[in-house]
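Chain identifiers are assigned alphabetically (A, B, ...) following the order of the sequence lines, protein sequences preceding nucleic acid strands; residue numbering begins at 1 within each chain.
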Protein chains: 2
Amino acid sequence: MKKQPGKPVTLAHIAAAAGVTPMTVSRVINESGYVNAATRERVRRVAREMNYRRNGLARGLKRQRTETIGLVLGDIANPFAAELSRGVREILEQRGYTLFICISEHSAKEDVQAFDSLADHRVDGVIVATRASRLGNERLQELIDAGIPVSLIGRDFRHPHADLVTADNLKGGYEATTHLIKLGHRRIGFIGVSLTKSVGLRRFQGYLEALNEHGLLIDEKLIVGNRDGNDQMPGYSTEEMGHDGMTKLLSMKKRPTAIFARNDFTAVGALNAIQQAGLSVPRDVGVVGYDDIPLASHTSPPLTTVRQPTREQGRVAAEFLLRRIEDGHDRPRAEQVFDCQLVVRESTKSDRIKS
Amino acid sequence: MKKQPGKPVTLAHIAAAAGVTPMTVSRVINESGYVNAATRERVRRVAREMNYRRNGLARGLKRQRTETIGLVLGDIANPFAAELSRGVREILEQRGYTLFICISEHSAKEDVQAFDSLADHRVDGVIVATRASRLGNERLQELIDAGIPVSLIGRDFRHPHADLVTADNLKGGYEATTHLIKLGHRRIGFIGVSLTKSVGLRRFQGYLEALNEHGLLIDEKLIVGNRDGNDQMPGYSTEEMGHDGMTKLLSMKKRPTAIFARNDFTAVGALNAIQQAGLSVPRDVGVVGYDDIPLASHTSPPLTTVRQPTREQGRVAAEFLLRRIEDGHDRPRAEQVFDCQLVVRESTKSDRIKS
DNA sequence: AATCAATATGTTAACGTTAACAGACTGCTT
DNA sequence: AAGCAGTCTGTTAACGTTAACATATTGATT
């Protein structure tokens with residue numbers, strides 16, 4: 001018994017078929033107010049038969065909320081984004097909210113587009129997990145000023161009425177680098193940033209800080225990014241960057257004895273380049289990654305890396321957002337910083353360092 | 001000059017401030033109909049000043065379309081999903097549609113929830129890229145019957161009014177397995193399915209078919225999945241499955257000389273398990289993966305795998321959907337099958353096979 | 001000067017839902 | 001017998017937008 005896919009069914013249609021008014025049907029659908037048991041059953045049956053789906057547009061328009069949250073991600077290809085969204089969904093689901101995800105492909109322009117789309121469709125709040133950009137920050141500012149609840153994850157942007165969740169990646173980068181220094185390394189490379197633009201990446205700043213603090217010179221030749229100077233590439237293609245960057249470093253007369261990679265994918269690329277060059281990890285070169293993706297414990301050798309509590313960040317960001325939705329725009333900013341944890345595996349085990 | 005975040009700005013507010021009617025403002029915003037140049041400028045200025053954002057709910061309600069498309073993905077952590085969504089977005093963007101993504105975490109229940117959420121919020125169409133399930137298929141049927149345009153990617157489900165895009169994974173699995181057979185392998189394992197439930201995975205069927213066709217016995221002991229028999233895990237954690245499965249296979253008295261892994265992540269896990277056991281790839285065990293993720297060319301040894309034109313599938317699915325939105329529900333099903341391509345790398349190079 | 005097309009703005013009603021209020025009926029208490 | 005609380009249903013108006021139609025005004029054409 002296939003329905004003719006004509007105009008979609010409305011409350012009025014059901015009301016007519018069940019011999020009541022749309023309001024009564026509304027009460028049945030939403031389980032609100034008094035409805036006679038017999039009437040309720042009848043309406044339910046008719047609604048089921050007609051395959052009724054409520055119109056979220058009309059509903060949202062009337063009620064002035066959609067029970068919908070937007071999440072803006074830079075890309076979709078990495079476990080980091082997946083864990084984040086999982087954390088967010090865990091919280092939203094149990095509170096009856098629906099999550100819609102937008103991808104910016106790490107472009108400021110699409111970041112803005114995502115904000116606009118979500119705002120236009122009147123989500124009740126937005127969680128932003130993309131990296132800061134001038135354009136993006138400007139629009140974000142407007143969004144927040146317009147009263148849309150916003151919760152930020154790991155984005156270097158502050159607003160008195162937007163909540164913020166971050167991992168302390170400065171400290172993470174610092175500790176990763178210090179770990180290498182303590183193993184005796186003196187020439188430590190960094191793969192994943194281009195010095196052509198000012199670098200806001202916290203883990204990189206931690207790297208610089210650690211070198212400084214231990215009296216090591218910062219050698220710009222040991223810092224490599226990808227060719228076009230775009231440090232906003234989708235995570236999954238950064239293996240390439242790690243491979244190329246490492247190859248470049250290995251071809252130097254005085255090559256580094258260890259490298260710190262911007263993320264685990266980059267580190268895996270580096271790992272491979274080292275092995276291809278006939279060298280061994282960690283004997284010839286020590287490698288540290290970042291993020292502790294599942295793959296990190298399955299490389300050979302397993303990767304030393306820095307873990308951040310990703311899912312937890314998603315959870316907390318969602319909780320902050322819901323609280324702001326309930327309490328209103330004037331609520332002061334909540335902020336939570338999570339500690340990172342150095343995970344030492346085989347890729348840095350050696351203590352025999354060649355100068 | 002911060003705006004008070006009171007009630008959001010409406011056409012009426014702007015109209016009042018600019019001394020015109022809401023209709024005129026609407027015309028300015030939508031660039032439709034005649035508006036005097038001076039008026040237009042004035043309205044634009046006021047709208048800009050008041051930081052106006054149009055109300056997509058009201059707009060959608062009135063116009064009976066939202067210029068919005070939903071994409072349902074099983075998980076978010078893998079390059080496959082990323083490429084798919086990129087393809088979809090490429091097409092949608094140039095046609096002025098916005099994409100909202102929902103994640104089902106490979107659960108039938110959440111699959112249904114995603115369909116419902118998207119339908120409730122009146123997206124103009126839905127692209128479904130999750131694996132088939134009874135529950136999911138039932139609801140999908142209802143959606144389509146209700147007249148919502150649906151386009152499917154790689155989902156084993158057919159409906160006269162839903163378009164379908166697939167890669168020929170049966171052939172892909174067949175060719176991968178045949179490749180191993182031609183190299184002389186006779187004991188070929190498969191990692192990634194549990195035989196406790198009927199297996200609909202096409203690439204696995206291709207594996208079975210190839211064995212059959214070459215007169216090889218199918219040994220159920222060589223087919224391993226993960227512990228709990230759930231073959232719908234998020235892609236990113238399947239390294240674990242590959243590792244554990246391979247370890248199990250290696251502990252057999254007559255271990256396989258090659259394995260075909262459900263996807264590249266699984267293959268990487270297997271690779272690692274082999275190396276941990278002190279064996280070598282491809283000398284002792286040949287390994288074939290599936291998907292050709294960027295990582296596959298950066299493992300050691302680089303992975304033989306099967307590539308499918310992922311982004312192209314996304315593009316075509318989006319094109320099918322838009323055409324259906326324009327032409328209406330009655331349009332007959334369009335279907336396109338893409339060929340897969342075996343990519344031979346180092347992980348199967350050997351021809352010295354131990355019996 | 002009448003006619004016409006193009007330009008510019010306004011009016012009305014509707015999209016589908018629900019909050020707020022208003023009756024009407026029931027049975028129970030005093 | 002009046003009063004009252006509880007139950008059930010209905011009416012009205014509004015959420016913000018725009019399609020369709022209506023009304024002016026302008027300038028050019030005959």
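In this entry the distance linking CD1 of B:I14 with P of D:dG16 reads 12 Å, nearest Å. The distance from atom CE of B:M23 to atom C1' of D:dT23 is 15 Å, rounded to the nearest whole Å. When rounded to the nearest whole Å, the span between CG of B:L11 and P of D:dA14 equals 18 Å. What separates CZ of A:R63 from C1' of C:dA20 is a distance of 15 Å, to the nearest Å. Taking atom NE2 of residue B:H13 and atom C1' of nucleotide D:dT17, one finds them 14 Å apart after rounding to whole Å. The CZ atom of A:R53 sits 16 Å away from the P atom of C:dG16 (whole-angstrom rounding). The interatomic distance linking A:L61 (CG) with C:dT17 (P) rounds to 12 Å, in whole Å. The separation between B:R65 atom CZ and D:dT17 atom P is 16 Å, rounded to whole Å.
Nearest nucleotide to the A:N55 side chain, out of D:dA19, C:dG16, C:dG10: C:dG16. The A:N30 side chain lies nearest to C:dT18 when the options are C:dT11, C:dT18, D:dT17. The nucleotide whose nearest atom lies closest to any side-chain atom of B:N36 is, among D:dT18, C:dT17, C:dA8, C:dA8. Of the candidate nucleotides C:dT17, D:dT17, C:dT9, C:dT9 has the atom lying nearest to any side-chain atom of B:V35. Nearest to the side-chain atoms of B:Y52 among the listed nucleotides D:dT17, C:dA19, C:dG10 stands D:dT17. With D:dG10, D:dA14, C:dA14 as the candidates, the nucleotide lying closest to the side chain of A:K62 is D:dA14. Among the nucleotides D:dA13, C:dG10, D:dT18, the one closest to any side-chain atom of B:R27 is C:dG10.
Salt bridge A:R323/A:E319: absent, no basic N to carboxylate O contact under 4.0 Å. In this structure, B:R311 pairs ionically with B:E90, as a charged nitrogen and a carboxylate oxygen lie closer than 4.0 Å.
Close to D:dG16, at under 4.0 Å from its OP1 or OP2, lies no side-chain N or O of B:T10. Taking 4.0 angstrom as the limit, A:R59 places none of its side-chain polar atoms (N or O) nearer than this to OP1 or OP2 of C:dG16. Side-chain nitrogen and oxygen atoms of A:T39 include at least one within less than 4.0 Å of the OP1 or OP2 phosphate oxygen of D:dT9. Distances shorter than 4.0 Å separate some side-chain N or O of B:S26 from OP1 or OP2 on D:dT18. Between A:Y34 and D:dC8 there is no side-chain polar atom (N or O) within less than 4.0 angstrom of OP1 or OP2. Contact annotation: A:Q64 side-chain N/O to C:dT18 OP1/OP2 distance is not under 4.0 Å. The phosphate of D:dT18 has neither OP1 nor OP2 within less than 4.0 Å of any side-chain N or O from B:S32.
The base of D:dG16 has none of its N or O atoms less than 3.5 Å from a complementary donor or acceptor on the side chain of A:R122.
No donor-acceptor pair closer than 3.5 Å links the side chain of B:H106 to the backbone N or O of B:T130.
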Using the side chain to side chain contact (heavy atoms under 4.5 Å, CB included) rule, take B:E326 and B:R95 through it: C-alpha gap first, then chi angles, then the decisive distance, then the call.
CA-CA 12 Å; B:E326 280 160 16; B:R95 302 276 229 94; 3.0 Å; yes

Let's go through B:R45 and B:E41 carefully: what are the C-alpha distance in whole Å and the side-chain angles of both, what is the deciding distance for salt bridge (Lys or Arg N to Asp or Glu O under 4.0 Å) to 0.1 Å, and is it a yes or a no?
CA-CA 6 Å; B:R45 222 195 47 239; B:E41 265 329 293; over 6 Å; no

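Smallest separation of non-hydrogen atoms from A:T21 and A:A15: C-CB, 3.5 Å.
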